[in-house]
Amino acid sequence: MRFARQDAGRHDFIFAGGALFVALAVFAVDTFTGIEGAIAVLYAIALLLAAEAVNRLGLILLTALFMVFSLASFFFTHAPDPDFATFLRLCVALAALAVTTALLLRNERARSALLRTNAALRESEERYRSIFDRTRVALWERDYSKLLDYITGLKSAGVTDMKAYVQDHPHVLGECVSKIEVVDANEAAVELLGSFTADVHGGVMHRIIPTDSCTFASLLQAIMDGATYFEDNAEVFNEAGERRLVLLGISFPTDPSAFNRVVVSMVDVTQREEARMALAEAQAELSRASKAATVGALSASLAHELNQPLGAITVNSQTLVRWLERDPPDIDAAKRSAERILRDSNRASDIFKSTRSMMLSTPKESETIDLERLITDTLTLMDHDLQRDRTEVEIIHKTKIPRFKAVRLEMQQVLINLISNAAQSMSASQSQKRLVTISLDSPGEADHILIAVRDTGDGLGDDAQQNLFKPFFTTKDNGMGIGLSICRSTIEARGGTLDGNNHPDGGAIFEIKLPKETANA
Ligand code: ADP
């Protein structure tokens with residue numbers, strides 16, 4: 001019987017020849033020797049041999065032929081007067097042939113099914129291999145089984161927050177890295193991060209993953225939570241020790257026993273990210289320069305305008321002192337001087353206000369704003385800085401915020417100021433957790449929209465609490481101290497308010513309230 005074999009020639013010839021030889025031998029012995037026995041049963045051997053060389057039909061025909069041989073031998077040796085025992089032997093031989101054929105046919109069906117399944121498996125494996133090898137996405141097959149065991153152990157010991165655990169036990173990160181082994185990698189992966197042949201106990205992984213990787217800690221958390229997919233931006237190192245920024249994707253099997261073959265993909269986004277960072281830096285530089293220019297212009301203008309009233313205040317104060325030093329003091333004259341001081345102070349204050357309103361009066365186009373989208377866009381702009389400062393941002397939607405009209409750039413600048421102040425405060429503090437929470441609320445009954453930016457830093461000192469929104473107040477070495485004052489002016493110009501306080505649970509919280517009627521205008 002032919003079993004889907006390619007190199008049938010020689011093999012078939014040997015078995016067919018063997019079958020023919022055995023069949024002829026059995027026929028000869030059965031017909032010409034007069035041996036009393038069910039010799040014809042031995043045709044089954046010929047059938048077994050032939051089964052290796054012929055197909056199903058061939059096997060049935062051969063069975064029929066061997067039955068004819070058996071009958072022929074029977075009639076040749078025992079006719080015309082066969083005894084019962086000989087007849088019985090004939091029946092046994094024919095039955096043996098029939099049973100052998102039936103078993104062979106059944107066996108062949110099972111074997112064909114197995115071969116078909118194997119062929120399908122091989123084809124699917126080849127297809128997978130060709131996708132794996134040829135795709136330009138870097139792919140790895142990695143063995144995560146030991147890591148899974150380790151994390152399961154930690155979970156059983158009561159660990160639930162892997163990020164916090166790794167922060168408290170920094171060596172755990174390295175230990176987890178050691179538990180990953182590279183099984184295979186495609187060409188794109190080798191091009192991206194170099195060869196993996198020397199992978200012993202996560203050696204390659206130690207080279208690739210930075211020791212303080214936040215993304216790796218998130219990955220450990222995903223494994224602990226039983227996630228089926230993990231995706232994040234990650235920083236990795238190639239063979240030459242160069243930093244690459246990649247988009248990392250890992251599909252985890254649902255069956256824990258399949259963690260020995262986890263597929264990991266990486267798309268190199270280094271160039272795109274570098275371009276984005278350069279753009280963000282250029283924007284930041286521009287904004288710093290424009291702030292400095294504004295401050296310069298503002299100071300020059302104020303110095304010029306305030307020179308006169310301040311000079312008058314000085315002169316009147318000196319006069320006031322002189323009137324008071326007289327013996328007896330000239331109270332009326334002193335009062336007049338004090339009134340002049342008051343008048344000049346009011347003038348100075350008016351100058352300050354008008355300069356500020358002049359600065360804010362530049363007409364700016366307002367547009368309909370989707371606040372949630374605006375926040376997401378702002379965070380994207382700040383992505384680099386936030387990652388550098390290891391700051392996480394959480395957005396809480398307490399209620400759905402209606403779309404509203406505002407100047408996009410203005411709102412964005414306010415948010416950037418508040419979020420970067422929060423990030424800076426947290427990196428300056430000892431706090432382990434660096435989380436900025438932005439909550440959005442538009443309570444139905446209230447007349448305003450509320451945007452709160454909260455951090456987990458050390459909060460506002462006494463000095464800061466009192467002077468927070470005063471221009472040029474800063475506690476930072478390289479701070480200018482005008483961010484919050486500009487933010488407040490911007491929000492107030494739109495009819496809203498901006499306040500900053502310490503949160504009862506720690507950190508600072510800044511709240512923007514925007515009137516709904518303006519908001520919906
Ligand atoms: P700058 O950031 O240049 O100092 P700002 O006007 O933005 O100017 O901030 C003024 C000061 O307010 C900061 O120097 C800091 O002392 C304080 N401050 C602002 N935001 C925070 C915050 N989230 N946590 C603690 N202090 C803050």
Side-chain angles (χ1 to χ4, degrees), residues 284 287-288 290-292 294-296 298-299 302 306 345 348-357 359-360 371 375 378-379 382 385-386 389 391 393-394 396 406-407 409-431 433-441 448-515:
S287 129
R288 270 197 297 276
S290 86
K291 260 187 191 175
T294 311
V295 173
L298 181 67
S299 326
L302 283 178
L306 293 177
S345 316
S349 166
D350 287 346
I351 289 172
F352 194 77
K353 278 190 200 143
S354 73
T355 310
R356 205 164 64 167
S357 68
M359 285 189 67
L360 292 172
L371 187 59
I375 291 176
T378 308
L379 291 177
M382 302 184 71
D385 289 355
L386 293 172
D389 292 338
T391 301
V393 180
E394 179 186 38
I396 299 176
V407 179
L409 201 70
E410 271 181 12
M411 287 299 296
Q412 213 161 34
Q413 268 170 349
V414 170
L415 286 170
I416 290 178
N417 256 300
L418 298 184
I419 299 168
S420 50
N421 272 349
Q424 284 166 7
S425 152
M426 291 187 293
S427 19
S429 96
Q430 295 303 311
S431 142
K433 193 171 154 200
R434 297 183 180 176
L435 177 67
V436 178
T437 309
I438 304 175
S439 48
L440 312 177
D441 198 3
H448 58 262
I449 286 173
L450 186 68
I451 307 164
V453 179
R454 192 194 150 188
D455 61 61
T456 54
D458 292 339
L460 308 167
D462 290 343
D463 201 15
Q465 279 195 50
Q466 277 161 29
N467 302 301
L468 204 52
F469 294 99
K470 286 195 182 148
F472 308 113
F473 169 77
T474 181
T475 52
K476 298 171 196 166
D477 291 343
N478 54 358
M480 284 210 263
I482 54 163
L484 285 178
S485 101
I486 291 179
C487 287
R488 182 176 256 185
S489 308
T490 307
I491 296 293
E492 284 178 353
R494 304 287 157 197
T497 60
L498 168 64
D499 283 305
N501 273 303
N502 280 328
H503 193 278
D505 296 336
I509 178 160
F510 285 81
E511 288 185 329
I512 302 171
K513 279 186 190 170
L514 286 170

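Atoms considered below: every heavy atom in the structure, side chains included; atoms not considered: hydrogens, waters and symmetry mates.
For the atom pair Met426 CE and Thr456 OG1, the distance stands at 4.5 Å (nearest 0.5 Å). Within the model, atoms CG of Asn421 and CG of Leu468 stand 8.5 Å from one another, a figure rounded to the nearest 0.5 Å. Interatomic distance, CG of Asp462 versus CG of Asn467, reported as 10.5 Å (0.5 Å rounding). Going from atom OG of Ser439 over to atom CD of Glu511 covers 7.5 Å, rounded to the nearest 0.5 Å. The CD atom of Glu394 sits 5.0 Å away from atom CG of Leu435, with the distance rounded to the nearest 0.5 Å. Note that the CE atom of Met411 and the CD1 atom of Ile451 stand 4.0 Å from one another [nearest 0.5 Å].
At most 12 heavy atoms of other shown residues, nucleotides or ligands fall within 6.0 angstrom of atom NZ in Lys433.
Using a 4.5 Å cut-off on side-chain heavy atoms (C-beta onward), Phe510 and Leu460 make contact. No side-chain heavy atom of Leu484 sits less than 4.5 Å from a side-chain heavy atom of Asn417.
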I'd like to know whether His448 forms a side chain to side chain contact (heavy atoms under 4.5 Å, CB included) with Thr497, so could you lay out the CA-CA distance, the side-chain angles of the two residues, the decisive distance to 0.1 Å, and finally the verdict. CA-CA 10 Å; His448 58 262; Thr497 60; over 6 Å; no
Is there a side chain to side chain contact (heavy atoms under 4.5 Å, CB included) between Leu498 and Leu418? Walk through the geometry before answering. CA-CA 11 Å; Leu498 168 64; Leu418 298 184; 4.2 Å; yes
Passes side chain to side chain contact (heavy atoms under 4.5 Å, CB included), Ile486 versus Gln413? Steps please. CA-CA 9 Å; Ile486 291 179; Gln413 268 170 349; over 6 Å; no
Candidate pair Asp455 and Arg434, rule salt bridge (Lys or Arg N to Asp or Glu O under 4.0 Å), full reasoning: CA-CA 7 Å; Asp455 61 61; Arg434 297 183 180 176; over 6 Å; no
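When each of Leu415, Val453, Ile419 is checked for a side-chain contact (heavy atoms from CB on, under 4.5 Å) with Ile375, only Leu415 meets the rule.
Contact between Ala423 and Thr391 at its shortest, heavy atoms only, is CB-OG1, 3.9 Å.
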